[in-house]
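Okay, structure first, notes after.
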There are 2 protein chains.
Amino acid sequence: MARTRTQVDRVFDALGDPTRRAILERMSKNPIRASQLVKPLGMTLAGVVQHLQVLEACGLIHSRKVGRVRTCRIEPKGLTLATQWLADRQAQWERRLDALADLLDDEDDASTSE
Amino acid sequence: MARTRTQVDRVFDALGDPTRRAILERMSKNPIRASQLVKPLGMTLAGVVQHLQVLEACGLIHSRKVGRVRTCRIEPKGLTLATQWLADRQAQWERRLDALADLLDDEDDASTSE
DNA sequence: CGCATAGTCAAGCGTTTGCTTTAGTAACGA
DNA sequence: TCGTTACTAAAGCAAACGCTTGACTATGCG
């Protein structure tokens, strides 16, 4: 049974590849055309485009074709999705630590009264 | 030449797998033993341990063995590393948009005087 | 028009990944 | 002490992934 992949799944999957992160780093400075990534990434245009497709499919970038040129830019909402997931985990963990601290405090109180 | 993988590389690589994210979700609620993940994840203990090794190698979790039991907990610093990378990209992109907005404002000023 | 540029599409290929199985070690519990 | 539990280590395998090549379409330009 192939479980339905959520958008968070696809976003983190996309971010898991170093080449795609390199693309995002460049794009966070400026929008860019596919062909402009060929030389810096040291791969063929076809390879670059495949990465761009992954990034666009999960909502991390947006692209628009004008004439024969496809220009891509960052889609901040995609990044937010990932940030949110991480923040949730971190918050949950810290909530746990707080609860634990409270518990220990109570035990200290109890022990001091013994 | 295999380029030296940074810790950020390894963290995002680890986060790219849905099973490992599921592990982190559970662990953000409570520390957990390897064997406790076998049933919920529907895989062998050996498989679980391999995921735990990846998570520990990149600093997303910490584990300690007491007797024959290995207990694992979230390592918030690892999460912070990922969050930071995302925040940097987002900040850079928004800085760009601001600069662009300023530029357009200037052009508006110019055009109104035509 | 004729040629170069920019991208698309599909097939193929080597490597990596996620998992299993098998075999082993060490600790706990009756 | 004996059996069970909890993990570790290594080998193997199918599927997924990243990338290339080759063929094609469409746009821009002298």
Side-chain angles (χ1 to χ4, degrees), chain A residues 1-27 30-58 60-73, chain B residues 1-27 30-58 60-73:
Chain A
M1 205 189 333
R3 80 167 34 228
T4 356
R5 294 177 70 72
T6 66
Q7 202 188 346
V8 180
D9 273 326
R10 279 180 278 118
V11 165
F12 274 107
D13 186 56
L15 290 171
D17 181 83
T19 304
R20 284 193 287 265
R21 286 199 304 282
I23 291 176
L24 289 177
E25 289 192 21
R26 286 199 159 248
M27 245 175 236
N30 283 299
I32 201 166
R33 296 186 279 151
S35 56
Q36 290 180 297
L37 289 164
V38 171
K39 200 181 285 183
L41 294 179
M43 74 174 66
T44 61
L45 179 60
V48 169
V49 168
Q50 280 166 24
H51 282 301
L52 293 177
Q53 280 168 353
V54 173
L55 289 169
E56 182 153 29
C58 72
L60 279 169
I61 69 172
H62 173 83
S63 83
R64 169 180 285 257
K65 196 166 182 177
V66 177
R68 58 180 170 173
V69 174
R70 181 171 294 278
T71 311
C72 308
R73 57 167 176 75
Chain B
M1 207 186 332
R3 80 167 34 231
T4 356
R5 294 177 71 72
T6 66
Q7 202 188 346
V8 180
D9 272 327
R10 278 178 279 118
V11 165
F12 274 108
D13 186 56
L15 290 171
D17 181 83
T19 304
R20 284 193 286 267
R21 287 198 305 283
I23 292 176
L24 289 178
E25 289 192 22
R26 285 197 160 249
M27 246 176 237
N30 284 300
I32 201 166
R33 297 186 277 150
S35 56
Q36 290 179 297
L37 289 164
V38 171
K39 200 181 288 183
L41 294 179
M43 73 174 67
T44 61
L45 178 60
V48 169
V49 169
Q50 280 166 23
H51 282 301
L52 292 177
Q53 281 169 353
V54 173
L55 288 169
E56 183 153 28
C58 71
L60 279 168
I61 69 172
H62 173 82
S63 83
R64 168 181 284 256
K65 196 166 185 178
V66 177
R68 59 180 169 171
V69 174
R70 181 172 295 278
T71 310
C72 308
R73 57 166 177 75

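Labels below follow one simple rule: chain letters A, B, ... track the order of the sequence lines, proteins then strands, and each chain is numbered from 1.
- A side-chain donor-acceptor contact under 3.5 Å links A:Ser63 and A:Arg70.
- In this entry the distance linking CE of B:Met43 with C1' of C:dT21 reads 15 Å, nearest Å.
- Per the geometry, CD belonging to B:Gln50 stands 10 Å off C1' belonging to D:dA10, to the nearest Å.
- The phosphate of D:dT8 has OP1 or OP2 within less than 4.0 Å of a side-chain N or O from B:Arg70.
- Across the protein-nucleic acid pair, A:Leu45 atom CG and D:dA23 atom C1' stand 14 Å apart, rounded to whole Å.
- Comparing C:dC19, D:dT4, C:dT8 by their closest approach to the side chain of B:Arg68 singles out D:dT4.
- Looking at heavy-atom distances under 4.0 Å, B:Gly67 makes contact with sugar-phosphate atoms alone, never a base.
- Per the geometry, CD belonging to A:Gln53 stands 14 Å off P belonging to D:dC19, to the nearest Å.
- Protein atom CD1 of B:Ile32 is 11 Å distant from nucleotide atom P of D:dC7, rounded to whole Å.
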- Evaluate side chain to side chain contact (heavy atoms under 4.5 Å, CB included) for A:Gln7 paired with A:Asp9, printing each intermediate quantity in order. CA-CA 5 Å; A:Gln7 202 188 346; A:Asp9 273 326; over 6 Å; no

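- Of the candidates C:dG7, D:dG18, D:dC19, the closest approach to any side-chain atom of A:Ala34 belongs to C:dG7.
- Checked against D:dG18, C:dT8, D:dC7, the side chain of A:Arg20 finds its nearest nucleotide in D:dG18.
- Candidate nucleotides D:dC19, C:dT20, D:dA6 were compared by shortest atom distance to the side chain of A:His51, and D:dC19 ranks first.
- Contact annotation: A:Thr71 side-chain N/O to C:dA6 OP1/OP2 distance is not under 4.0 Å.
- Within 4.0 Å of A:Ala46, counting heavy atoms only, lies at least one base atom of the nucleic acid.
- Using a 4.0 Å cut-off, some side-chain N or O of B:Arg33 falls inside it from OP1 or OP2 of D:dA6.
- Whole-Å rounding puts the B:Leu52 CG to D:dA6 P distance at 15 Å.
- Contact between the side-chain N/O atoms of A:Thr44 and the OP1/OP2 oxygens of D:dT20 is found at a separation under 4.0 Å.
- More than 12 heavy atoms of other shown residues, nucleotides or ligands fall within 6.0 angstrom of atom CZ in B:Arg73.
- Applying the 6.0 Å contact sphere to CZ of A:Arg21 captures more than 12 heavy atoms from other residues, nucleotides or ligands.
- If you measure from atom NZ of B:Lys39 to atom C1' of D:dA6, you get 16 Å, rounded to the nearest angstrom.
- Closest approach of B:Val48 to B:Ala34, counting heavy atoms only: CG1-O, 3.7 Å.
- Remark: C1' of D:dA16 and CZ of A:Arg10 are 17 Å apart, rounded to the nearest angstrom.
- Between B:Arg20 and B:Asp13, the closest heavy-atom pair is NH2-O, 3.5 Å.
- Of the candidates C:dC19, C:dA27, C:dG7, C:dG7 carries the atom nearest the A:Lys65 side chain, counting heavy atoms from C-beta on.
- Each of A:Gln36 and B:Asp13 has a nearest nucleotide on DNA chain C; the 5'-most of these lies closest to A:Gln36.
- The side chain of B:Ser35 lies closest to D:dA6, out of D:dA6, C:dT8, D:dG18.
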